[in-house]
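Report on the following structure.
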Amino acid sequence: MAKRVKKRYLAIVSEPKQPPSKMMKALTSSYEELFGKLGLASAGLKLIRGYQDKGLIIVRCTLESLPKVLLASASIRELNGNETAFRVLAVSGTIKSLMRKTSSLG
């Protein structure tokens, strides 16, 4: 019997604020650069929600790829020719608890 793939949800914010589509593109590009196309495919990266006004994205990935996603987000230094930094605000197993965690932060 096949095991269920566990997923994790991450809240990632960019400083300065960037559009969610460009943030996700930068994250997938960084992940692919570090771990290749096969690694990117097995990570199951998916944009769940994007908040344009906050410069925040909610991303889903597999539990096994979580450390690699954290590394890929931390390695992003430039976006659109401007210096930028991605910070992971919270990690959770469900979107509901992730929203609870991020609302208590700010």
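Just so it is clear, the model here is predicted, and its values are computed rather than measured.
Just one of Arg77, Gln18, Glu15 meets the side-chain contact (heavy atoms from CB on, under 4.5 Å) condition when paired with Thr84; it is Gln18.
Note: Lys96 NZ to Lys101 NZ = 14.0 Å, rounded to the nearest 0.5 Å. Here Ile57 contributes atom CD1 and Ser14 contributes atom OG; the two are 8.0 Å apart, rounded to the nearest 0.5 Å.
What you find for Met99 and Tyr51 is that their closest heavy atoms are CE-OH, 3.2 Å. Scanning all heavy atoms of the two residues, the minimum distance from Asn80 to Lys22 falls at ND2-CD, 3.3 Å. Shown here for Ala11 and Thr102, the closest heavy-atom pair between the two residues is CB-CG2, 3.5 Å. Leu71 approaches Phe35 most closely through the heavy-atom pair CD2-CZ, 3.8 Å. Minimum heavy-atom separation, Val88 to Ser73: CG2-OG, 3.7 Å. When all heavy atoms of Gly93 and Arg8 are compared, the pair lying nearest together is CA-NH1, 3.8 Å.
Cluster membership for Leu66 and Ile58, using ILVMFWY side-chain heavy atoms within less than 4.5 angstrom, is not shared. Leu79 and Tyr31 fall within the same hydrophobic cluster, defined by Ile, Leu, Val, Met, Phe, Trp and Tyr side-chain heavy atoms under 4.5 Å apart, directly or through other members. The cluster map of Ile, Leu, Val, Met, Phe, Trp and Tyr, joined by side-chain heavy atoms under 4.5 Å apart, puts Leu63 and Ile12 in different clusters. In terms of hydrophobic clustering, with Ile, Leu, Val, Met, Phe, Trp and Tyr side chains grouped at heavy-atom distances under 4.5 Å, Met24 and Ile48 are assigned to different clusters.
Using a 4.5 Å heavy-atom threshold, the side chains of Leu56 and Leu89 count as touching.
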- Message: Go through it in stages, so that I can follow the logic: the residues are Leu70 and Leu10, the test is side-chain contact (heavy atoms from CB on, under 4.5 Å), and I'd like the CA-CA distance, side-chain angles, deciding distance and then a yes or no.
- Response: CA-CA 9 Å; Leu70 295 173; Leu10 296 89; 3.8 Å; yes
- Query: Given the rule in the side chain to side chain donor-acceptor pair (under 3.5 Å) test, do Ser30 and Ser75 qualify, once you have shown the distances and angles that lead to the verdict?
  - Reply: CA-CA 7 Å; Ser30 174; Ser75 68; 2.9 Å; yes
- Message: Test side-chain contact (heavy atoms from CB on, under 4.5 Å) on Ile95 and Arg49; report intermediate values, then the result.
- Response: CA-CA 10 Å; Ile95 294 176; Arg49 290 189 189 141; 3.8 Å; yes
Distance-only donor-acceptor pairs under 3.5 Å for side chains of residues 37-46, two or more places apart:
residue : atom : partner : partner atom : Å
Ser42   : OG   : Leu38   : O            : 3.3
Ser42   : OG   : Gly39   : O            : 3.0

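Ser65 places no side-chain N or O within 3.5 Å of a backbone atom of Lys68 that could act as its donor or acceptor partner. Using modelled atom types, no side-chain atom of Lys54 and backbone atom of Val13 make a donor-acceptor pair closer than 3.5 Å.
Counting non-hydrogen atoms of neighbouring residues, nucleotides and ligands closer than 6.0 angstrom, the CD atom of Glu64 exceeds 12 such neighbours.
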